[in-house]
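To start, the structure under review is shown below, and the notes come after it.
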Amino acid sequence: MSEALYLERARLLLAQGRFAQAAEQLQMLLSTDPNQWLAHALLACCWMQDADRLGDATAEAQLAIALAPDQSFTHSILATVCSARKHFDQAQAAIETAISIDPDVAAYHGIQASIFLQTSKWQLALESSERGLQFDPDQEDCLASRSLALERLGRRKDSLQQANEAVARDPDSSSLHAMRGWTLLHDNNYREAQISFREALRLEPTNSFARSGMLESLKSNYFLFRVFFQYQAFMSRLQGRFRFALIIGIYLLIRALNIWSDANPKVEPFILPITIAYIAFCLFSWIADPIFDALLRFNRFGRYLLSANQVIAANVVIAIIGLAVITGSALAIYGDFAAAFTLALCVLFLTLPSSMIFRVSQGWPQWIAVGSTIVMSLLCAISLLVWAFPVIPWIAPIILYAFCLFVFSLAGNWLTSIVIRK
């Protein structure tokens, strides 16, 4: 079989999403001609679809560049692979090289815009996507990136207009329907967003962007989640350091109000509800997703969208809530209502580290969440044993538990922002 035929067959299989078969064709070609740069570049595209083979994809892309450094396509592939591995600096350098070689390829500007979006550089993402659209007004990645960048910059009306125009020009594009769905969702129009996501999934059932959006839109059927989603959307528009500063600032404000109420008992009745509302909101912000995921398991469409991790997280959170109810009820039977409330609350707050196990990146952030869950669970168990067999004041382990909870509540938001490079 000729080299051209191998490449043609591999490209056809790639277009059909049959990556394993495409890789076989490319490997057969490379076994006869290991210096075929295009085959290495396309093989990188194949390996990139497997999260466990991103290292192989990087090696193939780098080999393609070594064989053909003046080919912009090879640099664009390396940029895409590095972006998937969260190596954003390398990805940015690679796509800049591709653009310097062929500045009029709209897809390269779309890749650059996507990298800027992933690093929360909204204005730069907007500028990159608009440059790409100057060369190709219908380039999907540029259209999607421009719409998302506009939304992140607070220009919701422009974002929605962009999304509607893009879908009208190309109604058979799954990615454009998904992009429109996210725009509608951030505009709090969750019912119409569901229609867009459903159409995106009809056109491309494996579209993960549409799948995650459909999950969020289904959860938005519940009022509490709609409020929570809008809060998340607001926080996502902030740079990481500003987001963390806002969280710490709110905590310090609540702390200052409590110190003031301690010194002025007359204002305590007004400060206490604020403190309770703050604690409740913090707890809800940690466990909202798994709780609503659990509810979606009873939805005829939603249960097919949940991943294995989401199902496990939902089961864990619901089990902990049930255990908290059982613990509180059992202790209340003995008439010790203070211990019943305190220990039930301790069990309930185990939802924070346990749900975080499934939200942080795999690696050391996940191990911190696992370790925190184990430590806090042991302290809960010790508190219960000390209450039953009072060799020491049962409140002692509770104080240590409260300290661990405080530390984890601060570290948890930081852990979710950590991106582990693959």
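- Taking all atoms of both residues into account, the shortest heavy-atom contact from H40 to A64 is CB-CB, 3.9 Å.
- Annotation: ring-ring contact (aromatic ring centres under 6.0 Å, His included) contacts involving residues 199-219, sequence neighbours excluded, comprise W182-F209.
- Under the side-chain contact (heavy atoms from CB on, under 4.5 Å) criterion, A125 pairs with F116, L117, A149, sequence neighbours left out.
- When side chains are defined from C-beta on, M214 does not count as touching R211, because their heavy atoms never get closer than 4.5 Å.
- Looking at residues two or more places apart in sequence or on another chain, you find a side-chain contact (heavy atoms from CB on, under 4.5 Å) between Q49 and F19.
- Pairs passing the ring-ring contact (aromatic ring centres under 6.0 Å, His included) check and including a residue from residues 133-180, sequence neighbours excluded, read H109-F135.
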Query raised in the report: When you look at F197 and L218, which way does the side-chain contact (heavy atoms from CB on, under 4.5 Å) test go after all the steps?
Result: CA-CA 10 Å; F197 290 130; L218 287 173; over 6 Å; no
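- Minimum heavy-atom separation, T373 to S354: OG1-N, 3.3 Å.
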Report task. Evaluate side-chain contact (heavy atoms from CB on, under 4.5 Å) for L38 paired with F73, printing each intermediate quantity in order. Result -> CA-CA 9 Å; L38 183 55; F73 179 67; 3.9 Å; yes
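- S147 OG to R156 CZ: the interatomic distance, rounded to the nearest 0.5 Å, is 12.0 Å.
- Defined by atom type and a distance below 3.5 Å, a donor-acceptor pair is present between the side-chain atoms of E165 and Q161.
- Counting only residues at least two apart or in different chains, salt bridge (Lys or Arg N to Asp or Glu O under 4.0 Å) contacts with residues 193-204 comprise E199-R202.
- A donor-acceptor pair under 3.5 Å is absent between the side-chain atoms of D187 and the main chain of T183, judged by distance alone.
- Under the 3.5 Å distance criterion, the side-chain polar atoms of Q16 are left unmatched by any main-chain donor or acceptor of R18.
- Atom CD1 of I320 and atom OG1 of T327 lie 11.0 Å apart (nearest 0.5 Å).
- Q194 places a side-chain N or O within 3.5 Å of a backbone atom of S217 that can act as its donor or acceptor partner.
- Separation of atoms CZ (R152) and OG (S145) is listed at 11.5 Å; rounding is to 0.5 Å.
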With a cut-off of 3.5 Å and sequence neighbours excluded, list every side-chain donor-acceptor pair involving residues 341-353.
residue, atom, partner, partner atom, Å
T342, OG1, A338, O, 2.8
T351, OG1, L348, O, 2.7

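- Side chain to side chain, S72 and Y108 meet the donor-acceptor criterion of an N or O pair below 3.5 Å.
- Distance CG/L331 to CD1/I326: 12.0 Å, rounded to 0.5 Å.
- The closest side-chain heavy-atom distance from I95 to S76 is below 4.5 Å.
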Report task. Given side-chain contact (heavy atoms from CB on, under 4.5 Å), test Y401 with C380 step by step and report yes or no. Result -> CA-CA 7 Å; Y401 178 93; C380 269; 3.6 Å; yes
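- Proximity of V167 to M179: side-chain heavy atoms (C-beta onward) are nowhere separated by under 4.5 Å.
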Query raised in the report: Could you go step by step and tell me if E151 and L160 meet the side-chain contact (heavy atoms from CB on, under 4.5 Å) rule?
Result: CA-CA 8 Å; E151 190 279 323; L160 186 56; over 6 Å; no
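- Side-chain contact between R191 and N221 is present, with heavy atoms from C-beta onward closer than 4.5 Å.
- With sequence neighbours excluded, no residue satisfies side chain to side chain donor-acceptor pair (under 3.5 Å) with Q27.
- Listed by chain and number, the residues in a side chain to side chain donor-acceptor pair (under 3.5 Å) with E192 are R180, N189 (sequence neighbours excluded).
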Query - Trace of the side chain to side chain donor-acceptor pair (under 3.5 Å) decision for S128 with R131 - result: CA-CA 5 Å; S128 292; R131 279 195 296 272; 3.2 Å; yes
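- Taking CG of L78 as the reference point, atom CD of Q90 lies at 8.5 Å (rounded to 0.5 Å).
- At a threshold of 4.5 Å between non-hydrogen side-chain atoms, the residues I111 and S83 do not count as touching.
- Residues L176 and A166 come closest through the heavy atom pair CD1-O, 3.6 Å.
- Formation of a donor-acceptor pair under 3.5 Å by the S114 side chain with backbone atoms of G110 is not found in this model.
- When the side chain to side chain donor-acceptor pair (under 3.5 Å) test is applied to S173, the partners found at least two apart in sequence or on another chain are E140, S175.
- Side-chain contact between I65 and Q62: absent, with no pair of heavy atoms (C-beta onward) separated by less than 4.5 Å.
- In the model, Q25 has no side-chain atom that pairs as donor or acceptor with a side-chain atom of Q21 under 3.5 Å.
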Requested in this report: Walk me through it: do Q134 and E130 pass the test side chain to side chain donor-acceptor pair (under 3.5 Å)?
Outcome: CA-CA 6 Å; Q134 291 175 359; E130 289 180 339; over 6 Å; no
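- Applying the side-chain contact (heavy atoms from CB on, under 4.5 Å) rule to I374 yields the partners V370, L378; only residues at least two apart in sequence or on another chain are considered.
- Taking 4.5 Å as the limit, some side-chain heavy atom of C46 sits within range of a side-chain heavy atom of L14.
- Listed by chain and residue number, D56 satisfy the side chain to side chain donor-acceptor pair (under 3.5 Å) test with R53 (two or more places apart in sequence, or in another chain).
- Taking each heavy atom of A193 and L185 in turn, the nearest pair found is CB-N, 3.9 Å.
- Looking at N207, its side chain does come within 3.5 Å of a backbone N or O of A210 through a donor-acceptor pair.
- With values rounded to the nearest 0.5 angstrom, L126 atom CG is found 6.0 Å from R155 atom CZ.
- Without hydrogens or angle criteria, Q139 side chain to L133 main chain gives no donor-acceptor distance under 3.5 Å.
- Residues passing the ring pair (Phe, Tyr, Trp, His ring centres under 6.0 Å) test with Y190: none are found, sequence neighbours excluded.
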